[in-house]
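Working notes, structure below.
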4 protein chains.
Amino acid sequence: MKALVYHGPQRRTWEEVPEPELKDPEDVIVGVDAVTLCGTDLHILGGDVATAEPGRVLGHEAVGTVQETGPGVRTLHVGDRVLISCISACGRCRYCRQSRYGQCLGGGGWVLGNRIDGTQAERVRVPFADTSTYALPEALSDEPALLLADILPTSYEVGIRNGCVSPGDTVVIVGAGPVGLAAVATARLLSPACIVVIDPAAPRRAAAGRLGADVLLASADEAVERVAELAGGLGADVTVEAVGRPETFDLCVRLTRPGGHVANIGVHGAPAALHLESIWDRNLTITTGLVDTYSTPTLLTMVESGQLDLSALVTHRFGLEEMQEAYDAFSHPADTGALKVALFNTR
Amino acid sequence: MKALVYHGPQRRTWEEVPEPELKDPEDVIVGVDAVTLCGTDLHILGGDVATAEPGRVLGHEAVGTVQETGPGVRTLHVGDRVLISCISACGRCRYCRQSRYGQCLGGGGWVLGNRIDGTQAERVRVPFADTSTYALPEALSDEPALLLADILPTSYEVGIRNGCVSPGDTVVIVGAGPVGLAAVATARLLSPACIVVIDPAAPRRAAAGRLGADVLLASADEAVERVAELAGGLGADVTVEAVGRPETFDLCVRLTRPGGHVANIGVHGAPAALHLESIWDRNLTITTGLVDTYSTPTLLTMVESGQLDLSALVTHRFGLEEMQEAYDAFSHPADTGALKVALFNTR
Amino acid sequence: MKALVYHGPQRRTWEEVPEPELKDPEDVIVGVDAVTLCGTDLHILGGDVATAEPGRVLGHEAVGTVQETGPGVRTLHVGDRVLISCISACGRCRYCRQSRYGQCLGGGGWVLGNRIDGTQAERVRVPFADTSTYALPEALSDEPALLLADILPTSYEVGIRNGCVSPGDTVVIVGAGPVGLAAVATARLLSPACIVVIDPAAPRRAAAGRLGADVLLASADEAVERVAELAGGLGADVTVEAVGRPETFDLCVRLTRPGGHVANIGVHGAPAALHLESIWDRNLTITTGLVDTYSTPTLLTMVESGQLDLSALVTHRFGLEEMQEAYDAFSHPADTGALKVALFNTR
Amino acid sequence: MKALVYHGPQRRTWEEVPEPELKDPEDVIVGVDAVTLCGTDLHILGGDVATAEPGRVLGHEAVGTVQETGPGVRTLHVGDRVLISCISACGRCRYCRQSRYGQCLGGGGWVLGNRIDGTQAERVRVPFADTSTYALPEALSDEPALLLADILPTSYEVGIRNGCVSPGDTVVIVGAGPVGLAAVATARLLSPACIVVIDPAAPRRAAAGRLGADVLLASADEAVERVAELAGGLGADVTVEAVGRPETFDLCVRLTRPGGHVANIGVHGAPAALHLESIWDRNLTITTGLVDTYSTPTLLTMVESGQLDLSALVTHRFGLEEMQEAYDAFSHPADTGALKVALFNTR
């Protein structure tokens with residue numbers, strides 16, 4: 001079959017690879033119907049993710065059809081249409097028993113397209129299939145379903161829920177890439193009074209506005225002044241870091257009021273300066289995290305019912321065999337305006 | 001009357017100052033019976049606290065007797081014996097209405113010995129007296145009561161409660177000065193399985209052991225290895241920073257398991273490096289804060305009943321007029337072995 | 001001045017009474033601009049509330065203008081336009097220090113129109129004025145502001161927040177009187193997937209539909225079947241009791257899924273049967289409560305911005321001197337279709 | 001093999017039954033080394049539990065050795081010594097994914113000795129073995145381990161944790177049978193200021209005292225007065241119902257202060273009167289529940305380290321073949337003084 005293989009920093013090819021096979025009784029083989037690319041894939045291609053070794057098939061988000069099931073799989077059957085979650089879960093370890101699937105110690109966590117071959121392929125082996133996939137209702141088509149594999153639960157759990165967004169809050173989201181935009185949409189579920197989005201790219205700010213952001217700002221300097229003004233001089237109740245750079249993290253901390261929350265979603269490659277001399281007495285709560293996917297079933301229902309509509313997020317569509325073109329478009333958003341790209345297996 | 005006056009970095013004198021007077025209907029004047037010194041006072045003398053201006057009477061912890069009450073004071077009367085809390089609270093502002101007295105916007109918060117004259121004096125004016133003092137039962141003597149003014153609620157709220165210490169946890173406390181030692185004692189209220197204390201000073205480690213710490217370590221290097229070992233390779237459930245230096249904060253972050261908590265109590269004068277590249281995916285929660293004193297009534301009852309015994313913390317006792325000697329002893333703990341010093345007005 | 005006086009069960013008169021006077025330094029006298037009636041007032045007239053004695057001026061919800069202030073009042077001034085909250089708060093007692101104003105032990109709690117004379121009058125004395133009233137922005141007119149005195153924070157805190165309503169939930173609200181309807185509106189702030197309202201009166205169901213309820217049911221029997229169906233056979237995530245009768249409380253318990261919440265808002269006059277034999281093993285959480293008004297400032301901002309629009313709730317408007325007619329209309333909703341009635345002082 | 005079989009109300013026999021066999025890939029067969037009896041077994045024998053049908057082998061608490069494993073079992077091996085939990089968990093359903101194992105929809109929950117054959121036998125089939133058993137460290141002997149199968153996590157989760165016991169609280173435990181006594185021990189982990197135990201049986205009160213209860217009361221009348229006195233006239237912060245009768249549940253509600261918690265552990269066979277007319281405005285939280293066993297690993301560590309010592313709870317010891325005598329002793333505690341009885345397979 002064909003797959004997108006990582007061959008070391010900046011090197012990727014769409015090439016013939018061996019078919020995946022069942023290795024464990026709880027594995028399934030899924031035929032990929034639709035797949036998307038993630039900013040984290042670009043991090044891997046940048047050489048930032050040591051656990052992803054050359055030779056790895058990338059991808060951790062997909063929708064597909066079960067083609068084969070191991071003997072220990074209980075809830076899935078050949079022909080089932082499933083969402084493949086970015087997080088796999090053994091269901092038995094200390095963290096899984098506490099619903100903290102993102103930190104699974106039993107062979108799960110974020111493994112697809114990282115420690116094992118991923119979803120940017122015609123077929124993929126999914127471990128611990130019962131607790132790592134979600135049955136999709138017929139009424140929910142592939143494209144909106146794709147967003148449930150990672151960015152919707154990630155933005156909601158790691159950004160909005162960890163940040164304790166509440167009705168009436170002033171919420172600042174720094175970064176309007178796909179996950180930041182998903183944070184705008186999921187923040188609205190909690191009825192904040194005001195969502196401020198900060199991003200230097202005008203098209204991304206415009207997309208944030210379409211998803212419900214109230215105030216759109218281009219620069220950090222502007223932000224410090226406006227946020228203080230909006231929030232009675234005190235700062236934001238919640239700030240969400242959706243970029244992954246030291247300066248955007250620091251901006252989040254500066255924008256947060258005493259007693260407020262800083263929720264980091266960004267994937268970081270370098271340390272940030274934490275100005276404890278300014279915040280030691282400000283009762284801040286700072287959280288980091290990988291998604292646990294506890295919210296995936298709920299969000300799935302909301303996407304199906306139309307309560308949550310992120311269709312604006314998918315800007316480019318390709319055939320599966322156009323994988324390289326899709327990567328090209330996704331890698332240069334300033335030129336292409338790409339947010340999320342979706343690839344469909346049309347055979 | 002006599003008081004300890006800050007005259008700029010490194011300059012303090014015990015000198016004659018004007019008597020305090022009622023300025024606001026809710027003020028009381030309290031005659032100081034017992035008072036203590038705080039590491040934060042040394043920070044002021046180090047020139048680190050911009051809000052404390054030269055000419056200020058220092059001190060934010062005391063036990064005393066009400067000598068005069070403003071017409072708006074409802075629950076205190078002349079002759080009442082009270083604990084003066086490090087935190088004053090207007091009781092009316094947004095934060096006070098949410099029980100977050102430490103962030104009071106109405107003229108309270110940490111003001112005593114900082115923005116207004118403090119308790120290291122024969123008499124002190126206490127604003128918002130009804131919500132900034134606590135009646136003391138006769139059976140509770142001055143010395144144990146003193147510790148309720150700051151370090152007991154601070155260690156409990158900002159360290160143990162913010163850190164979400166739970167039965168069975170592995171808790172690491174970095175720094176065994178007075179507030180770190182109080183954290184050992186208050187951590188025990190939640191029955192952790194193991195309390196590890198890290199401090200280079202042997203006498204402080206010994207004091208931690210007497211207060212109930214299970215493992216006593218001298219160095220950061222030793223800590224990384226031992227904590228991993230104690231906690232099944234994962235790290236501590238909760239780490240408490242009770243020093244206030246970049247390297248000890250960083251040590252706390254490194255020692256914490258995925259899903260764990262870092263609770264900062266330390267007063268910091270410089271930024272720390274936050275290694276987001278290591279923790280972005282580890283589901284950490286980092287908290288900072290000033291005490292809100294919501295726990296003071298409860299802790300007071302526990303000290304009175306003997307459930308909480310921190311008598312080992314007071315190592316030196318002085319007369320009030322020996323203020324300078326008390327500061328000398330407290331400023332050189334390596335020589336004097338001082339933890340908390342208590343001064344009593346013997347007149 | 002004129003006021004509505006309770007003279008024992010079923011007896012009320014709009015009569016001349018003495019002017020209210022300042023009794024305590026923290027009192028204000030407020031000239032009533034607008035006032036509303038509450039189902040609880042009818043309970044008093046039914047003789048159900050022992051603390052409300054004959055001779056009492058009723059009413060605990062109003063908007064007015066400060067006419068006189070005691071010397072201990074700090075944040076209000078003559079001429080200020082204020083919301084009078086149903087809950088007064090001393091700000092100093094154990095419960096007030098924990099933001100639990102509804103349980104105030106210092107002379108507050110629900111006292112207006114109950115233990116002391118209330119707001120259905122030309123003027124009213126409000127105790128502990130700083131913590132018992134809220135400044136109103138000019139842009140917010142009297143009628144929507146009135147709903148912030150009781151039913152909006154009550155439905156939100158005691159129903160929606162105590163019930164832990166979360167995005168995606170199935171929420172059942174039993175009773176579509178004013179507070180049940182306010183619960184529909186405030187539930188929506190948390191984006192439940194489905195709001196079911198049960199009420200035998202067709203006009204009230206219609207009002208619920210206009211406020212955003214998704215499913216409208218007339219009878220308990222119908223409810224048991226439909227709720228199970230809607231919620232995958234398990235029952236509702238949250239049920240809100242907004243009637244105050246044993247049978248509606250029992251219905252709520254029966255409709256709730258294992259692990260779900262029953263939030264009681266209803267004012268009850270008789271015990272209900274709690275079927276512990278059916279629920280001992282179902283992990284239910286049942287809450288009762290009086291509003292604490294911690295959410296009033298936030299809700300006020302939302303009403304002002306239009307985020308929360310309950311204008312449909314006010315069905316009848318009167319002049320203040322038409323108090324008896326207003327009571328007549330409000331007491332017979334089946335005939336008049338009354339939900340909330342508003343009375344305005346037009347002089 | 002031999003097993004204790006339920007043959008309808010009041011009829012039990014220790015008789016020869018067929019050997020259990022693996023039915024599902026995730027089953028294990030465990031040889032029972034030690035087993036105990038539960039008050040719930042007596043409820044079944046009383047005919048109160050409809051799901052337990054005649055012919056059923058009773059028992060849901062045991063320690064044993066794995067003798068056979070299904071092909072889908074991953075973490076257990078023949079020869080492993082395990083704790084068999086009263087709760088089985090499929091690990092895949094909606095509730096299991098939220099760590100709410102007690103409400104498992106996939107074939108688990110409380111099934112052993114209820115819907116399927118249980119542990120009062122020489123051997124037992126345990127379904128979903130990976131998530132329904134716990135490996136036992138060698139240092140932990142059978143007798144203390146037995147208490148971890150049910151009463152320790154039940155009292156802790158359903159009583160102490162659901163009741164939100166906090167340091168300094170006044171906690172009332174109604175009923176000093178085995179689970180009530182375990183609640184005394186686990187309440188102490190949270191350092192309440194005072195634990196009051198109410199039970200008419202003097203030996204049970206004495207046992208409560210040995211486990212750390214501070215105040216021992218015999219009657220409800222005495223309780224109302226004493227608890228008010230102990231808790232400043234307000235009532236208990238937390239009450240725990242550990243009996244299962246309408247009148248003890250009502251007593252718990254009456255003894256709880258405004259804002260307090262009533263945590264029901266008792267197995268009830270009849271409705272209780274809930275006096276909503278007294279509590280609708282008191283901000284009570286009432287919880288019910290089956291244990292989820294999330295705390296079992298933590299409690300196991302605490303029992304192993306000696307931090308939690310419930311050895312006083314086991315009053316009678318038998319050989320496995322003396323099952324009928326054990327039931328006789330356990331069924332007549334007033335005569336025998338039995339709390340927990342332990343049976344050991346000595347072959």
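Just so we're on the same page: letters track the sequence lines, and every chain starts at 1.
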Are [X] and [Y] side-chain neighbours, meaning at least one heavy-atom pair lies under 4.5 Å?
X	Y	result
Val172(B)	Val240(B)	no
Val291(B)	Ile87(B)	yes
Ile84(B)	Glu61(B)	no

Checklist entry - Is there a donor-acceptor pair under 3.5 Å between the side chain of Ser132(B) and the backbone N or O of Ser88(B)? => result no

Checklist entry - Do any N or O atoms from the side chain of Asp237(B) and from the backbone of Gly260(B) form a donor-acceptor pair under 3.5 angstrom? => result no

Checklist entry - Restricting to pairs with a member in residues 133-149 of chain B, which pass salt bridge (Lys or Arg N to Asp or Glu O under 4.0 Å), not counting sequence neighbours? => result Arg81(B)-Asp142(B), Glu143(B)-Arg317(B)

Item to check | Segment of Ser166(D) engaging chain B (4.5 angstrom heavy-atom cut-off) | outcome: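 Contact with chain B involves both backbone and side-chain atoms of Ser166(D).
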
Item to check | Any residue of residues 294-305 of chain B which, by heavy atoms, sits under 4.5 Å from chain D | outcome: Thr298(B), Met302(B)

